[in-house]
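One structure below.
Any value given below was found using the heavy atoms of this structure, including those in side chains, with hydrogens, waters and symmetry copies removed. Please read these numbers as outputs of a predicted model, since none were measured by experiment.
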Amino acid sequence: MIDPRRLRMEIGAIAERLRRRGIDLDVDHYRALETRRKHLQDQVEGLRSQRRQASKRIGEAKAAGDDIAPLVAAVGDLGGRLADAAKEFDAVRDDLDKFVKALPNPPDDSVPPGRDETDNVELRRWQEPSGFNFEPRDHVSLAGTSLDLGAAAKIAGSRFSVLRGPLARLHRAITQFMIDTHVQEHGYEEVYVPYVVDRHTLVGTGQLPKFEEDLFAIGGERDQFLIPTAEVPVTNLVRESILDADELPLRFVAHTPCFRSEAGNYGKDTHGIFRQHQFEKVELVQIVHPDESWNALDELTAHAESILRKLELPYRAVALCAGDLGFAAAKTIDLEVWLPAEGRYREISSCSNFLDFQARRMLARYRDPQSGRPGYVHTLNGSGLAVGRTLIALLENNQDGTSAVHVPDALRDYMGGSTRLEL
RNA sequence: GGAGAGGUGGCCGAGCGGCUGAAGGCGCUCCCCUGCUAAGGGAGUAUGGGCUAAACACCCAUCGAGGGUUCGAAUCCCUCCCUCUCCGCCA
């Protein structure tokens, strides 16, 4: 959430920055709401103050044994006027709140301009894709009977998958390897969290109120949703709290399934398991001091990159342009892995700095030891990595023209010592 | 799912419908005293919002959440949520 005070004072500048995202902020609408808010708040608080004084006097008169009837009469319809004004004020405040909560995070100045992914800027590459002296097969072909999309469709519908035997094991091995690496080498604390969250939690990280159609609602009596990413429950761990400055940074790693309805993505990536309604992800989340978040973004991105390197997967890092940025992010670095069958790089991790945007929504603060006052923390997260997509990348990059794929050294211990996976 | 108890400030814990943003204690911060330690004395110590260039002051809100009664609600009524104990069921 954008700081309401800054919005009030520098709406023009903020509108300018949001324009980089392709957002046209309705400044007049905002100003009108804000003017009414100011007026009504003044009125409501004034009336409440009056009521308080009057009630206090009645109390004192009563204690003194005086007749309170005239005093009560003098209050008149103050209660009624207050109720009317309060109702109006609440409505305006709710409108304003909705308006502000629907505004995305303004891009950081370092974010490249552009409208969509074609304007993203490549930052670096690691290992050029190795050529094959045969036509590379895609992951569906390589997986063979270990990937049963038909069975998944039968029991759940499209965009779900069933993995069997060696493929299921590889999927699990990848997950364990990633968690262990982040815990042992990068200093993250492993957390296990609910896969179901309530509305309030999703507002905290920014999925709601704007993107409800992308989520899986539990339905029935319960106003709950399946998590679209571990970011949601894990970041909300610090919701409505004031942390000691020396507790920071908090670094969490969580492995969870992720559920996305992705209503707007029909017809996109329909082949194989690249884009699914349910997928697994190992997620990195950091809660940091506001001075540290840009450093933390570099570090977190490097942590995710180290997984790709250990798995010997060619990748590149890309800075998302302003128009391609997610709602809550001030800046995002995507990691894209090389997929030989597609002959291009595809997203496998997305590392973002949200600054205080989520913290403000969540009321996640820390105590500044200097001033003694609470300040908002900064939050970050990144996939480290998406498990299903890592699986795809491993199959496709490690094929050798046979029915088997090579298992990288990093995974060998997790695969019972196997160097090759027979599919 | 059934029965009961309870949700108050960082924690513990009071709180006749009015003077309670909230007693008291603990903790924490600062100061004094003390030749060290222990003890002691004093002051301070919620969050959000408004106002402000900003701060102070001031104003408003908040005692699980939401409604209601009342001139006035932490205190009364209703609904919901959560925690704990016992029983049942169960990975």
* Asked: Taking a pair as Watson-Crick or G-U wobble with both distances under 3.5 Å, which nucleotide is matched to rU47(B)?
  -> rA61(B)

* Asked: Which whole number of Å gives the distance between the C1' atom of rG67(B) and that of rG49(B)?
  -> 23 Å

* Asked: If the C1' atom of rG9(B) is compared with that of rC78(B), how far apart are they to the nearest Å?
  -> 28 Å

* To do: Tell me what Arg93(A) touches on the nucleic acid: a base, only sugar-phosphate, or nothing, going by heavy atoms under 4.0 Å.
  => nothing

* Asked: Tyr366(A) and His289(A): aromatic ring centres closer than 6.0 Å?
  -> yes

* To do: Can you tell me, in whole Å, how much space there is between the P of rG44(B) and that of rA38(B)?
  => 25 Å

* Asked: Side chains of Asp180(A) and Tyr414(A): do they bring a donor and an acceptor to under 3.5 Å?
  -> yes

* If we call it a pair only when both distances are under 3.5 Å in a Watson-Crick or G-U wobble match, what pairs with rU85(B)? -> rA3(B)

* Nucleotide paired to rC16(B) in any strand shown, Watson-Crick or G-U, under 3.5 Å -> none

* Structure fact -> Its 5'-most and 3'-most nucleotides having an atom under 4.0 Å from a non-hydrogen atom of chain A, RNA chain B is contacted over rG18(B) to rG72(B)

* Using the C1' atom on both, measure rC12(B) against rU79(B) and round to a whole Å. => 31 Å

* Structure fact -> Result for 5'-nearest mapping on RNA chain B, choosing between Gly59(A) and Ala54(A), is Gly59(A)

* Asked: How about Phe357(A) and His378(A): are their ring centroids closer than 6.0 Å?
  -> no

* May I ask you to check whether His303(A) and Tyr188(A) place their ring centers less than 6.0 Å from one another? => yes

* Asked: Lys38(A) near the nucleic acid: base, sugar-phosphate alone, or nothing, with a heavy-atom cut-off under 4.0 Å?
  -> sugar-phosphate

* Structure fact -> Checking N1-N3 plus N6-O4 or O6-N4 for Watson-Crick, or N1-O2 and O6-N3 for wobble, each under 3.5 Å, the partner of rC33(B) is none

* Residue closer to the 5' end of RNA chain B, Gln53(A) versus Ala63(A) (nearest nucleotide) -> Ala63(A)

Check residues 42-57 of chain A and write down every donor-acceptor pair under 3.5 Å in which the side-chain atom is one partner and the other belongs to a residue at least two apart or another chain.
residue	atom	partner	partner atom	Å
Glu45(A)	OE2	Gln41(A)	NE2	3.1
Ser55(A)	OG	Arg51(A)	O	3.0

* Structure fact -> If pairing means Watson-Crick or G-U wobble with both distances under 3.5 Å, then the partner of rC76(B) is rG68(B)

* Looking at every strand, decide which applies to Arg51(A) at a 4.0 Å heavy-atom threshold: base, sugar-phosphate, or nothing. => sugar-phosphate

* If you look at every strand shown and take non-hydrogen atoms under 4.0 Å, does Arg360(A) touch a base, only sugar-phosphate, or nothing? -> nothing

* To do: Can you tell me, in whole Å, how much space there is between the C1' of rG15(B) and that of rG21(B)?
  => 13 Å

* Asked: Expressed as a whole number of Å, how far does the P atom of rA57(B) sit from that of rG48(B)?
  -> 16 Å

* **Pair listing, side chain to side chain donor-acceptor pair (under 3.5 Å) test, anchored in residues 101-111 of chain A, at least two apart** => Asp97(A)-Lys101(A), Asp108(A)-Ser110(A), Ser110(A)-Lys331(A)

* Contact class for Pro4(A) vs. all strands (heavy atom < 4.0 Å): base, sugar-phosphate, or nothing? -> nothing

Listed pairs under 3.5 Å, donor-acceptor, residues 78-96 of chain A side chains, sequence neighbours left out:
residue	atom	partner	partner atom	Å
Glu88(A)	OE2	Arg36(A)	NH2	2.9
Asp90(A)	OD1	Arg93(A)	NH2	3.3

* Strictly below 4.0 Å, heavy-atom distances to any atom of RNA chain B: list the hits from residues 39-49 of chain A, or just say none. => Gln41(A), Glu45(A), Arg48(A), Ser49(A)

* To do: Using the P atom as the reference point in each nucleotide, state the distance between rG10(B) and rA23(B) in Å, no decimals.
  => 13 Å

Can you give the donor-acceptor pairs under 3.5 Å from side chains of residues 248-259 of chain A to other protein atoms, not counting sequence neighbours?
residue	atom	partner	partner atom	Å
Arg251(A)	NH2	Glu299(A)	OE1	2.9
His255(A)	NE2	Glu280(A)	OE1	2.3

* To do: Write down the distance separating the C1' atoms in rA91(B) and rA5(B), rounded off to the nearest Å.
  => 29 Å

* To do: Please confirm whether the backbone N or O of Ala404(A) pairs with a side-chain atom of Thr402(A), one donor and one acceptor, at under 3.5 Å?
  => yes

* **Flag for Arg412(A)-Thr419(A): side-chain donor and acceptor within less than 3.5 Å** => no

* Quick one: label Ile242(A) by what it contacts on the DNA or RNA (base, sugar-phosphate, nothing), any heavy atom closer than 4.0 Å. => sugar-phosphate

* **Between Thr205(A) and Glu231(A), a side-chain donor and acceptor under 3.5 Å** => no

* Across all strands shown, which nucleotide pairs with rC56(B) by Watson-Crick or G-U wobble geometry, both distances under 3.5 Å? -> none

